[in-house]
Enquirer: 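Sharing a structure with you now.
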Amino acid sequence: MFTGIVEELGTVESVEDQGDAIRLTIRASTVLEDAGLGDSISVNGCCLTVAERTDDTWTADVMQETLDKTSLYGVAAGDRVNLERAVTADKRLGGHIVQGHVDGVGTVTARNPSEHWEVVEIAMPEQLGRYLVDKGSITVDGVSLTVVEAKDDSFTVSLIPETLTRTTLGSRQIGDRVNLEADVLAKHVEKLLAGGYLDKLVRTAEKEHSND
């Protein structure tokens, strides 16, 4: 699990094509301070597993399923990527609960800068629209953000200078693809409502109350 608070910008060192997968090696420093084999690191919002590491690089195997469904498809040496280690129990949850499981790929459609922030609009797969609400949470390339305006097939976010400087979102251009992860709490609520579980709980509580 992650929080969506990017710890550092890493640099893709190499990409080894294996046909139905790639071996992705990333140069980093902060996330390697205590990383061991088998640990999870978020790369642009994708949860990857450390398979090899040196003092200043680490390598992960990225399967075809991940390449097909995330913006890691087409990643190349020299690209900058957002990195975050899995959260520990003693760490502040500065963003929101992020699983590192990408729900879909969005596209940057507009950037509107102002003096102190920049409003960015992102088109998204239509099926994700039901999970977004104004002032709700969304993960974009592994960055926990607050939705300014939620639409049926797009949304806007307001990026402060810290986010623009410390993450890849500062350099994303119109037409660039970004990984999106909806708030997992919204998904659970949807399932509870669809299955009628909440109605059952209410009826059970009412029955128990009437028997008191």
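Side-chain atoms are counted along with the backbone in the values below, which use heavy atoms only and exclude waters and symmetry mates.
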Enquirer: Could you tell me whether the side chains of E84 and T3 share a donor-acceptor contact shorter than 3.5 Å?
Expert: yes
Enquirer: Are any side-chain N or O atoms of T165 and backbone N or O atoms of P161, one a donor and one an acceptor, separated by less than 3.5 Å?
Expert: yes
Enquirer: Taking all non-hydrogen atoms of both residues, which atom of A21 and which atom of M63 are closest, and how far apart?
Expert: CB-CE, 3.8 Å
Enquirer: Treat each ILVMFWY residue as a node, draw an edge where side-chain heavy atoms are under 4.5 Å apart, and state whether V119 and L164 are in one component.
Expert: no
Enquirer: Do V31 and V62 share a hydrophobic cluster (ILVMFWY, side-chain heavy atoms under 4.5 Å, transitive)?
Expert: yes
Enquirer: Taking the side chain as every heavy atom from C-beta outward, state whether I138 and L132 have any atom pair closer than 4.5 Å.
Expert: yes
Enquirer: Less than 4.5 Å apart, any side-chain heavy atom of C47 and any of S40?
Expert: yes
Enquirer: Should the pair K187-D103 be classified as a salt bridge under the 4.0 Å nitrogen-to-oxygen rule?
Expert: yes
Enquirer: Would you sort out whether V120 and V108 count as a side-chain contact (heavy atoms from CB on, under 4.5 Å), showing the intermediate values?
Expert: CA-CA 7 Å; V120 177; V108 177; 4.0 Å; yes
Enquirer: Got a donor-acceptor contact below 3.5 angstrom from the R53 side chain to the L32 backbone?
Expert: yes
Enquirer: Would a distance-only check, ignoring hydrogens and angles, find a side-chain to backbone donor-acceptor pair under 3.5 Å from E13 to I26?
Expert: no
Enquirer: Answer yes or no: is there a side-chain heavy-atom contact under 4.5 Å between S137 and L185?
Expert: no
Enquirer: Under the rule for side chain to side chain donor-acceptor pair (under 3.5 Å), what residues qualify as partners of R80, not counting sequence neighbours?
Expert: T11
Enquirer: Calculate, to the nearest 0.5 Å, the distance between atoms CZ and CG belonging to R177 and L72 respectively.
Expert: 9.5 Å
Enquirer: Any side-chain heavy atom of T146 within less than 4.5 Å of one from V157?
Expert: no
Enquirer: Using the test side chain to side chain donor-acceptor pair (under 3.5 Å), find all partners of D61 that sit at least two apart in sequence or belong to another chain.
Expert: R23
Enquirer: If you count heavy atoms of other groups shown closer than 6.0 angstrom to CG of D152, is the number above 12?
Expert: no
Enquirer: Would you kindly confirm whether V140 and V81 end up in one hydrophobic cluster when ILVMFWY residues are joined by side chain heavy atoms under 4.5 Å apart?
Expert: no
Enquirer: For the OG atom of S154 and the CD atom of E126, what is their distance to the nearest 0.5 Å?
Expert: 10.5 Å
Enquirer: Contact between H116 and I160 at the side-chain level, heavy atoms closer than 4.5 Å - yes or no?
Expert: no
Enquirer: Using modelled atom types only, decide if a donor and an acceptor are shared between the side chain of E8 and the backbone of T30 within a distance under 3.5 Å.
Expert: yes
Enquirer: When clusters are formed by joining ILVMFWY residues with side-chain heavy atoms under 4.5 Å apart, either directly or through shared neighbours, do V87 and V102 land in the same one?
Expert: no
Enquirer: Let me see the working for R172 and D141 under salt bridge (charged side-chain N to carboxylate O under 4.0 Å, His left out), right down to the final yes or no.
Expert: CA-CA 10 Å; R172 291 295 187 209; D141 267 359; 2.8 Å; yes
Enquirer: Any side-chain heavy-atom pair from T54 and D56 closer than 4.5 angstrom?
Expert: yes
Enquirer: Is the closest side-chain heavy-atom distance between V15 and V75 below 4.5 Å?
Expert: yes
Enquirer: Given N82, which partner from the list N179, T167, T168 fulfils the side chain to side chain donor-acceptor pair (under 3.5 Å) test?
Expert: T168
Enquirer: G36 and V50: which non-hydrogen atoms are nearest, and at how many Å?
Expert: O-CB, 3.6 Å
Enquirer: How far apart are the C-alpha atoms of F155 and M124, what are their side-chain angles, what is the distance that settles it, and do they pass the side-chain contact (heavy atoms from CB on, under 4.5 Å) test?
Expert: CA-CA 8 Å; F155 63 94; M124 64 181 168; 3.8 Å; yes
Enquirer: Atom CG of D39 and atom CH2 of W58: how far apart are they, to the nearest 0.5 Å?
Expert: 10.0 Å
Enquirer: Taking NZ, NE, NH1 and NH2 as the nitrogens, is one of them in E121 or R111 under 4.0 Å from a carboxylate oxygen of the other?
Expert: no
Enquirer: L128 versus D153: any side-chain heavy-atom pair under 4.5 Å?
Expert: no
Enquirer: Looking at CG of L169 and CD1 of I122, how far apart are the two atoms once the value is rounded to the nearest 0.5 Å?
Expert: 7.0 Å
Enquirer: Any side-chain donor-acceptor pair under 3.5 Å between T25 and T59?
Expert: yes
Enquirer: Under a single-linkage definition using a 4.5 Å side-chain heavy-atom cutoff for Ile, Leu, Val, Met, Phe, Trp and Tyr, are F2 and I41 assigned to the same hydrophobic cluster?
Expert: no
Enquirer: Give, for atom CE of M1 and atom OG1 of T88, the distance between the pair rounded to the nearest 0.5 Å.
Expert: 9.5 Å
Enquirer: If you compare all heavy atoms of H96 against all heavy atoms of S144, which two are closest, and at what distance to 0.1 Å?
Expert: ND1-OG, 2.7 Å
Enquirer: Check L180 against P125 and note the closest heavy-atom contact, atom names and distance.
Expert: CD1-CD, 4.2 Å
Enquirer: Measure the spacing between OG1 of T139 and CG of N44 and express it to the nearest 0.5 Å.
Expert: 12.0 Å
